[in-house]
Number of protein chains: 2
Amino acid sequence: MTEIKQTTIETVVDNLMYLQPLLSKSFSKQMRTKTNLNPGSLFIMGVLSVHKTLSMSDIGRKLSMPKPHVTVLIDKLIEEEMVERIADLSDRRIVNIHITEKGITQFQNIKQEISEEMRQQLQQLTKEQLTTLVTATQQVRELLIISFGKPSGCPNTKNQAS
Amino acid sequence: MTEIKQTTIETVVDNLMYLQPLLSKSFSKQMRTKTNLNPGSLFIMGVLSVHKTLSMSDIGRKLSMPKPHVTVLIDKLIEEEMVERIADLSDRRIVNIHITEKGITQFQNIKQEISEEMRQQLQQLTKEQLTTLVTATQQVRELLIISFGKPSGCPNTKNQAS
DNA sequence: TGTAATAGTTGTATCTTTGTAACCATTATG
DNA sequence: CATAATGGTTACAAAGATACAACTATTACA
């Protein structure tokens with residue numbers, strides 16, 4: 001019934017929607033058990049491991065995470081010495097978050113632990129399939145960054161004082 | 001410092017970890033605003049739109065969602081007539097969940113709304129990039145299903161009565 | 001038949017995330 | 001200079017998800 005002719009974009013949406021649960025299955029689970037960090041903190045460590053230093057708002061934008069939430073998570077990460085607050089010289093409102101050496105190695109360790117666990121699962125793939133997966137994930141990552149890596153704002157930036 | 005030579009699997013993990021926030025940015029947000037369904041229910045509709053009928057445990061396994069949580073979400077979906085409970089004939093313990101016609105069309109509509117929103121974002125890509133994205137997401141989807149689409153159990157299957 | 005295992009439900013406590021609102025400090029703008 | 005806008009923080013409420021524990025019903029097994 002109902003002929004379903006999908007557009008290109010609908011196919012992408014379809015695929016991406018199916019990816020979400022698969023991803024959470026593949027390691028959100030691992031995260032919860034293997035680390036003392038909650039998912040949100042892990043994501044922050046993820047972007048910081050790439051960008052090294054980001055302002056609070058940058059983090060919120062990149063992860064579309066409400067600013068109050070970012071504050072709370074950063075507080076915890078600072079307690080564990082994974083990151084540090086650094087005042088911005090040019091704009092004193094801005095608080096820059098910098099990943100520490102400890103944070104870098106700790107995050108590296110976490111990723112390796114997860115990789116270890118995933119190795120078992122991924123070994124079901126042939127050498128060619130694994131190569132394809134590397135390329136494909138890389139492409140998806142890059143193309144989604146182009147499409148969605150933009151500012152686009154994060155919550156609690158409301159100040160529509162009437 | 002610390003020479004980082006990534007293995008193939010570590011690269012995959014790296015990419016997948018970066019994907020998670022991008023995905024939630026790209027439509028977890030949309031979901032929250034565009035539908036009256038919460039993310040969990042959407043995921044259930046996602047697997048049901050593919051498999052049409054699944055037992056409660058199947059759903060829990062596919063989404064690695066605790067069984068009690070599945071029960072709650074299914075209750076809501078039934079209220080909205082998106083799915084229906086069907087007793088299993090061969091094993092009377094099993095409750096099969098079947099997506100309704102309404103559920104199919106509703107879910108289709110939701111996907112189209114999300115697609116509409118995403119179109120704007122994805123139009124920043126060239127025709128070639130978009131083609132690449134379709135192929136890449138398809139590949140990632142298929143390969144992750146091979147790797148992680150297995151049973152693997154879901155919580156609350158504990159019955160180690162001592 | 002008795003016991004263990006499986007499928008599912010109910011209930012509760014806790015954690016995580018989101019959404020607001022109010023607030024301070026600083027910068028930008030008229 | 002007055003005011004608006006931005007960057008961050010604090011606090012609180014509500015939604016969503018996870019983890020347990022206990023329980024029923026049914027099936028598998030010895």
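The chains referred to below are lettered A, B, ... by the order of the sequence lines, with proteins before strands, and numbering in each begins at 1.
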Can you list, pair by pair, the side-chain donor-acceptor contacts under 3.5 Å of residues 129-136 of chain A, counting residues two or more places apart and other chains?
| residue | atom | partner | partner atom | Å |
| --- | --- | --- | --- | --- |
| A/Gln129 | OE1 | A/Thr126 | N | 3.0 |
| A/Thr131 | OG1 | A/Lys127 | O | 2.8 |
| A/Thr132 | OG1 | A/Glu128 | O | 2.9 |
| A/Thr135 | OG1 | A/Thr131 | O | 3.0 |

Quiz item: Looking only at side-chain N and O atoms, does B/Arg85 come under 4.0 Å of OP1 or OP2 in C/dA7?
Solution: no

Exercise. Return the value, rounded to whole Å, for the distance between atom CZ of A/Phe43 and atom C1' of C/dT18.
Key: 15 Å

Quiz item: Does the side chain of B/Met65 reach to within under 4.5 Å of the side chain of B/Ile44, using non-hydrogen atoms?
Solution: yes

Exercise. When you get a sec, tell me which of C/dT10, C/dA21, D/dG8 is the closest nucleotide to the side chain of B/Pro68?
Key: C/dT10

Quiz item: Over how many whole Å does the gap from A/Lys67 atom NZ to C/dT18 atom C1' extend?
Solution: 15 Å

Exercise. Taking all heavy atoms of B/Ser55 and all of B/Ile94, pick out the closest pair and write down the distance.
Key: CB-CG2, 3.8 Å

Practice problem: Counting heavy atoms from C-beta on, name the nucleotide in C/dG8, C/dT17, D/dT18 closest to the side chain of A/Asn38. | Solution: C/dT17

Quiz item: How many Å lie between CG on B/Leu89 and C1' on D/dT26, as a whole number?
Solution: 15 Å

Self-check item: Spacing of B/Ile94 atom CD1 relative to C/dT6 atom C1', expressed in whole Å
Solution: 9 Å

Practice problem: Would you jot down, in residue-number order, the residues of residues 69-78 of chain A having a non-hydrogen atom under 4.0 Å from DNA chain D? | Solution: A/Thr71, A/Asp75

Quiz item: Taking atom C1' of C/dT6 as reference, at what distance in whole Å does atom CG of B/Asp58 sit?
Solution: 13 Å

Quiz item: If you take atom types as modelled and just measure distance, does the side chain of B/Arg92 reach the base of D/dT26 with a donor-acceptor pair under 3.5 Å?
Solution: no

Quiz item: If each of A/Leu37 and A/Asp91 is mapped to the nucleotide of DNA chain C with the nearest heavy atom, which maps nearer the 5' terminus, i.e. the 5' end?
Solution: A/Leu37

Quiz item: Taking only side-chain nitrogens and oxygens of B/Ser55, does any of them come within less than 4.0 Å of OP1 or OP2 of C/dA7?
Solution: no

Practice problem: Considering non-hydrogen atoms only, spot the tightest contact between A/Leu22 and B/Arg141 and give its length. | Solution: CD1-O, 3.9 Å

Quiz prompt | Nucleotide nearest B/Arg93 when distance is taken to its side chain, options D/dT9, D/dA17, C/dT6 | solution = C/dT6

Practice problem: Please answer: with hydrophobic residues joined when any side-chain heavy atoms are less than 4.5 Å apart, are A/Val47 and A/Leu143 in the same cluster? | Solution: yes

Quiz prompt | Shortest non-hydrogen separation from B/Ile9 to A/Ser115 and the atoms involved | solution = CG2-O, 3.8 Å

Self-check item: Degree of bending, the helix from C/dT1-D/dA30 to C/dG30-D/dC1 (end axes from five pairs; round to 10°)
Solution: 30°

Quiz item: If you group Ile, Leu, Val, Met, Phe, Trp and Tyr by side-chain heavy-atom gaps below 4.5 Å, do B/Val50 and A/Val12 land in one group?
Solution: yes

Exercise. Measure across A/Ser147 and B/Gln121 and return the closest heavy-atom pair with its distance rounded to 0.1 Å.
Key: O-OE1, 3.0 Å

Self-check item: Atom pair distance, as rounded to whole Å: CG in A/Leu63 and C1' in C/dT16
Solution: 15 Å

Quiz item: In terms of side-chain geometry, is the basic nitrogen of B/Arg119 or B/Glu116 positioned less than 4.0 Å from the acidic oxygen of its partner?
Solution: yes

Exercise. Round to a whole Å and report the spacing from CD of A/Gln20 to P of D/dA17.
Key: 11 Å

Quiz item: When the distance from CD1 of A/Ile44 to P of C/dT16 is rounded to whole Å, what number comes out?
Solution: 13 Å

Self-check item: B/Ser41-B/Asn38 side chain donor-acceptor pair, cut-off 3.5 Å
Solution: yes

